[in-house]
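Okay, so here's the structure we're looking at.
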Amino acid sequence: MEETVGNSSDANKISQPAVGEWKNNENVSYVDHEQNIAKTLNDTILNDNSVPENVVIETQENNCGFSNNENTQDTWLTETEPKYHYSNKNNSGYRKGTGGYDKSNNANNSYEKSSNNDSSSNNGHVRGRGRGRGRGVTKRYDEENESFRDEYGSGIDNHGGNTPPGHRGRGRGFNRGRGGRRDQSVSFGWHGYSEDSHKKNENDKPTITKAPYIPPDIENEESIAGIEAGSNFDKYNTIEVKVSGTNPPKSMTSFQSSGLRTILLDNLSNCNFSTPTPVQNYAIPIIIEGRDLMASAQTGSGKTAAYVLPILHNLLKQPTQLIYDEHHCEPHVVIIAPTRELVSQISECVWKFSKGTDIRNGLLYGGTSVYHQKSKILQRGVHILTATPGRLIDFVEKGIVTFSSVKFFVLDEADRMLDMGFKPDIEQVLTNSTMPSIESRQTIMFSATFASPIQHMATSYLKSDYIFVAVGEIGGACKDVVQTVIEVTKFKKKNALLDIIKEMENCQGTIVFVERKKVADYTAAYLSEVDFPTTSIHGAREQPEREQALRDFKTNRMKILVATAVAARGLDIKGVNYVVNFDLPKTIDEYVHRIGRTGRLGNAGKAISFFDPESDGPLAAELIKILKQADQEVPSFLNDAAERILASPTIDNFNDIRTNVDVTSNLVATGEEEEELW
Ligand SMILES: Nc1ncnc2c1ncn2[C@@H]1O[C@H](COP(=O)(O)OP(=O)(O)OP(=O)(O)O)[C@@H](O)[C@H]1O
């Protein structure tokens, strides 16, 4: 039975749980904020003095939220009981909405866990415990028109914690919380983001305004510190490097002898870059000499600096006028990467190496304020624009960015940018009428993996005399990562994960990769419940939440990060000791990138992967290859699985599992997700 809550004329009355739903707090029927009382099922009125133990009357002031206590009882938590406390402000904890996807799991009715105890966090509304189907109105910011529009929906979105009550999203199942309260105000700690669902319009519907997100500026000193070189850094010199193409420039052996401008050398030394990595030794002279480049080198071996430094050098050596006005700007360098967080990280790298120069650095990515990004890049113009494809195309279509001045075009994670998911976007950028021809620009592509078909395709964007550099085996895993593969079937994964985490001396710096956003939430909720502070990052979280999650993980506030493929590529996080593949990815390249979040720059890392013979068979043969290439042990069950697959004519896509990577584009095409599926 469902009751209407959202349209109630009394918006201050919160959800009325169905009779019997309060298994553990059977005394409480509902809470009335206006009168500041709770009522029991038999309508006895409880005031402050008579509420049963574990029940706190929720007021607008303490807005505290539900959780379960130690005995897994549903409890309303005040701010003085932070143990199971979800913080909207920091959006890093976890909750599990019983009204949404897991009503049956009463034993696990634990929601959020966070040590944050900030009074501006109004946590209750994320839970959506009520049975009603609210018909709320959401003021949603329309980036296209730069205005707010109303969206009506039913039910609370239990997911992100900052989706206003009444909003139902676009019908992606998991986010459909049911009913719940609509009388919460939410105030977010991050800059420029606030919600207020107290306001009502003339029809007595709450009007919720959600200001577009303005990310914090990257210019802070903390950003300077990269990962410190580990004990295996020197072994980089033993890796074989293959260079092909006509007359390749000679490689360098040190930053000092590289010819890089003094200001760049100073910045390098401020960032503790003393010895170049092999990919830097080869790529820097090639780019300085103006050659197009396709380069592959293992994860965590310094590819970003390998293209940022020579580009900065060339810009400084031959400065040309920066063109911009109040309507448009013409960057000299365009760098494209697949995820928002990676784009932000690259831009940080550009910033730290260009310190003290006149180079202007701009950033475009989805989930953030269009207006803000537009005004930032138009205010002073940008030499180097780092962007995700979706937002860049948006700006190009609006005429805010034109490419007439482009000298360098860079694809980071190039194979990903050229696979079926992103290729149309890249083509759209490269065929834009303002984009200089191949001959008139320098095109640079980097990745740790470069499947042959993608390499072939990529050549059509490069000058015919481009240079190809491969440090080590193309697509090979970093040998500093100890890889373990364990056979675990689907239903045993949860316990297996817990066992692994318990066995770790310290689980701090663990990334758990899962395939689906929903599983990311389940897993993070579960781990939080069992005392491992966990956060998550995936494409269904709002951008401020994603960034907060990364910050929390980077600062060790959260020990574990559960992530979908959105965090698989490029992210460079200090102190990642373990990668756990709770679900294996569909492609081996993705596996290589995922495990490459650890074992970076000569540091040791560990990767543990759950191999489910039922679903992961198609990956077995390639996984064996990767393990052997990295001198790792191959478990016998993996050989068996590979043989089974070979003998089986019925397995689809065995010869080309890459056909599975196209899911992103489908969603982008249907407009369900701006850029990222994962
Ligand atoms: N020569 C160097 N000396 C010291 N630190 C370096 C050097 N080169 C890179 N680093 C640091 O190493 C880390 C990894 O670099 P980067 O993220 O560029 O690797 P990558 O090869 O692009 O990895 P991925 O394939 O995962 O994208 C960063 O923290 C970076 O600051």
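For the single chain, residues carry numbers from 1 onward in sequence order. Just so you know, ligand 1 is whichever comes first in the structure, and atom 1 is the first atom listed for that ligand.
Close contacts between ligand 1 and N272 involve ligand atoms 4 (C) [criterion: under 4.0 Å to a heavy atom].
Among pairs with a residue in residues 298-319, those fulfilling side-chain hydrogen bond (donor to acceptor under 3.5 Å, both in side chains) read Y307-D412, at least two apart in sequence or across chains. Screening residues 234-247 for side-chain hydrogen bond (donor to acceptor under 3.5 Å, both in side chains), with sequence neighbours left out, gives N232-K235.
The proximity of T275 to ligand 1, defined as any non-hydrogen pair under 4.0 Å, is limited to the backbone. At a heavy-atom cutoff of 4.0 Å, ligand 1 is contacted by the side chain of E413 but not by its backbone. With a heavy-atom cut-off of 4.0 Å, T304 touches ligand 1 through backbone and side chain alike. Looking at V279 against ligand 1, nothing comes within 4.0 Å, counting heavy atoms. Of the heavy atoms in I227, both backbone and side-chain atoms come closer than 4.0 Å to ligand 1.
Within the 4.0 Å heavy-atom shell around ligand 1 one does not find A297. At least one heavy atom of Q298 sits under 4.0 Å from some atom of ligand 1. In this structure, R597 counts as a contact residue of ligand 1, since one of its heavy atoms falls inside 4.0 Å of the ligand. Within the 4.0 Å heavy-atom cutoff, S301 counts among the residues contacting ligand 1. Using a non-hydrogen distance threshold of 4.0 Å, K574 does not register as a contact of ligand 1.
Residues F353 and F273 bring their aromatic ring centres within 6.0 Å.
No donor-acceptor contact under 3.5 angstrom links the side chains of D552 and T535, judged on distance only. Looking only at atom types and distance, the side chain of H383 has no donor-acceptor partner in the side chain of D358 under 3.5 Å away.
The closest heavy-atom contact to atom 2 (C) of ligand 1, among the options F353, F273, Y236, comes from F273.
Other residues, nucleotides and ligands place more than 12 heavy atoms under 6.0 Å from the CD atom of E427.
A cation-pi arrangement is not found for K606 relative to Y578, the charged atom failing to lie both closer than 6.0 Å to the ring centre and inside a 45° cone about the ring normal.
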